[in-house]
Peer 1: 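Here it is, the structure in full.
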Amino acid sequence: MKLRRSNRIKGLVLAGIMCLALVPPVPAKADDGVDVGYTYNYDFWNEVRYSPDAYEVVGVYTAVDLGLETNFKNPDGLFVYGDLVFVCDTGNSRIIQWKKTSEGKFELERIITEVKGTEVTSLSGVTDIFIDQDRNFYIADKGNERVIKTDWDMNVLMLFTKPVENTFDQSLYFLPDKVVADTEGRLYCVSDNINKGIIKYEADGSFSGFYGAMPAQYSWYQYIWKKISSAAQRAALESFVPTEYDNVAIDNEGFIYACSTNVSGSGLNNGSEEGVRRLNLLGKNILIQNGYDYVIGDVVWGNFAGYSGSSLFIDVTAFDDSGIYVCLDKTRGRLFTYDEQGELLFAFGGVGNMDGYFKGPVALEHMGTDLIVLDSIDNSFTVFTPTEYGNLIYQALEEYRRGDYIKSGETWEEVRKINGNYDLAYIGIGRSLKRQKKYKESLKYFKTKWDRKNYSKAFKEYRKEWVEENIAWIFTLLALLIIVPLVRKKIKMIKWEIDTADIFKNSDGGEKK
Amino acid sequence: MIAKLKDKQTYVKFIKDFKFAMYCTRHPMDGFWDLTHEKRGSYVVATLILLLTIAARLIWLGWTSFVFVAVNWERINVLTYVASILLPLALFVVGNWALTTLFNGKGKLGQVYIAACYALTPYPLITIPLAIITNGLTDDFASVVGTILTFSLVWCGWLLVTGMMQIHEYTMGGTIICVIATVFAMAVMVFILLLFFSMISQGISYFVSLYKEIMLRVG
């Protein structure tokens, strides 16, 4: 039922897109003046609730658009440092650096094709780049099987190559795909075909082991099957291996976000597998998942236009200081924005040819609250900026985080006016009221949007207040409940004693025993 | 009928019967034995308990705090909830009676019905007050509420088993086999019902299309 419904909606949207393609491109505006798009959220019942656009497209840029002669060829990596945008043009083995000069304007700064001060200076198939706070570059030079650490002027400081330790399977190639470094200069590297976790190097360049391995996934019947099968059968069976990571990102608290597309739909649904993880120093997942659903992207999948199955997160980026992070889904080309608590704020994007839709999204970065998505098939990157609606949501979350509960409530109220279907706005108002000790009013908001946890918290306080106010009545009632039956019993007793007392009995018969 | 309703004795008997149903929930072995041998069962009380059970099922949806039960009122069909009690009960009563007549059971169809309904007593008895109380509770009590609810169902199940045991005069092992066989009989009945339903609808649609065809030719 649910699936059919969502398919119908998607069908309508598709029809709408087709209509849009036919008519001349007049910018469509909703009644509230916000661009009509495909932004949505899920409600408590996992029904899609459409909303005004939270992000709008600033522009879609190819290398030629931005003043280069050769276009991108399967670009794979993207990095943003301040107002600088770095694109790893993997197919052309170069890194291109742009500077954002104003909204939607990028100026070419330099093209990096080689490094200085090592044997092999040219880059080959660069897949990722990371810059730490000391302005050192970490370049995943996949074609040369190495990660290069350089200074700002491309002078090589260190080379990270295939670990020679036994814990690293020496029969495998070292194919560094994605890199991040923490504030201590430790390097975390996702390498192709490595399923033991993220390869970690110490600041001095030595291999320190694997980090944050995902537990191997198997079901109980697979386990039993394996137990009863013979050694030869066991060897023929697929072995239970931990899954590979696809991408890493680091937030400014130093926690590493890692995402994997090697997940199953059922595992995501029951919470045993995670598409995105937030790893602490020990490699434990500390991602908070307090939303209606787990952090899995689309909750209802359907099967539309050849796209089926769960969302697969290919990249993730975490905003500075707000705990908000955005995940990029390669199945349907969507962006899922989550807050600190793991609540889905909004989802948008899709697969297609229009601006704001992607063909083969591979990488995602943020610049402030702007988002940049790299498309390796379309050979372009798209820049999104939050609309008024999106900004209000961020503002409300930020105000709540800061402890400005009254302001936060007011901002959520504005969000609610723009989008009355937005559950988090109601919950936000409720939370603000709860913080202002207006428990009774807050209960109404939590109840409307099925927020049991917050409802229970507010209700506990409300109940306490209620009991304190009515304590006199409660005691009176209790006393009455105890005393009345006692008195009645006593009266009955006295009555019975009187009725059966000897002196009131007729002593005619005199048959006393 | 009206004369009977005006008679005070009717109500006295009704209250006595109702008290007996309560007695059965507390002392099933004793109570269900008396049900058949002392003829103390009452159709009126049995039906009342059945109605109360259906009411409790709906009350649980409607009155319980949303912290414990999430009801999507846009998508719910009350009739399915009513049927979710009536249909299994009807199948059980008929299936059980049909089986036990073959296997030396002493109970009659009416007695099976009364015993089955009496066995439902704990459900409304526990659920209705619990639904009201949940409105004063928070999510800390979720597991407690769940346990109490399960307890009421287990109690009902125990009453049903002992009820069958006493009215058919079976041993405990025999009763359990009888109950399992009854479940099987219910499944068979559902299958036959579905088959019957589908055949009837096929038949009807055949005649409907025949009629349409003729009308098209004639018209």
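Note that the coordinates shown come from a computational prediction; the quantities given were computed from them, not determined experimentally. So you know, we letter chains A, B, ... as the sequences are listed, proteins then strands, and number each from 1.
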Peer 1: Does CZ belonging to F141(B) count more than 12 external heavy atoms closer than 6.0 Å?
Peer 2: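 No - once you tally the heavy atoms of other residues, nucleotides and ligands closer than 6.0 Å, there are 12 at most.
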Peer 1: Tell me if the CD1 atom of I406(A) is crowded by more than 12 foreign heavy atoms within 6.0 Å.
Peer 2: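 No - once you tally the heavy atoms of other residues, nucleotides and ligands closer than 6.0 Å, there are 12 at most.
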Peer 1: For the side chain of S456(A) and the backbone of D139(B), is there at least one donor-acceptor N/O pair under 3.5 Å apart?
Peer 2: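 Confirmed, S456(A) side chain pairs with D139(B) backbone.
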Peer 1: Quick check on M172(B): does its CE atom have over 12 non-hydrogen neighbours (other residues, nucleotides or ligands) under 6.0 Å away?
Peer 2: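 It does: M172(B) CE has more than 12 such atoms within range.
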Peer 1: Quick one: does T138(B)'s side chain get under 4.5 Å of R452(A)'s, heavy atoms only?
Peer 2: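 No - every pair of side-chain heavy atoms lies 4.5 Å or more apart.
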Peer 1: Do D140(B) and K460(A) have side chains that get closer than 4.5 Å, going by heavy atoms?
Peer 2: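 A side-chain contact exists here, since the closest heavy-atom pair is under 4.5 Å.
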Peer 1: Would you find more than 12 non-hydrogen atoms of other residues, nucleotides or ligands less than 6.0 Å from W73(B) atom CH2?
Peer 2: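 It does: W73(B) CH2 has more than 12 such atoms within range.
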Peer 1: Measure distances from Y462(A) to the heavy atoms of chain B and classify the residue's part below 4.5 Å as side chain, backbone, both or neither.
Peer 2: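 Contact with chain B: none, neither part.
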Peer 1: Picking from Y455(A), W450(A), F446(A), which has the most non-hydrogen pairs under 4.5 angstrom with chain B?
Peer 2: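 Among Y455(A), W450(A), F446(A), the one with the most close pairs to chain B is W450(A).
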Peer 1: Is any side-chain heavy atom of R75(B) closer than 4.5 Å to a side-chain heavy atom of E47(A)?
Peer 2: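 Yes, close enough: below the 4.5 Å cut-off.
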Peer 1: Check whether more than 12 heavy atoms from other residues, nucleotides or ligands sit under 6.0 Å from atom CZ of F66(B), and answer yes or no.
Peer 2: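 Enclosed.
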Peer 1: So which part of K453(A) gets closer than 4.5 Å to some heavy atom of chain B, the side chain, the backbone, both or neither?
Peer 2: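 Contact with chain B involves both backbone and side-chain atoms of K453(A).
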Peer 1: If you compare all heavy atoms of F44(A) against all heavy atoms of A70(B), which two are closest, and at what distance to 0.1 Å?
Peer 2: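 In terms of heavy atoms, the two residues are closest at CE2-CB, 3.7 Å.
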Peer 1: Just checking R488(A): does its CZ atom have more than 12 heavy atoms from other residues, nucleotides or ligands closer to it than 6.0 angstrom?
Peer 2: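 Count not over threshold, so no.
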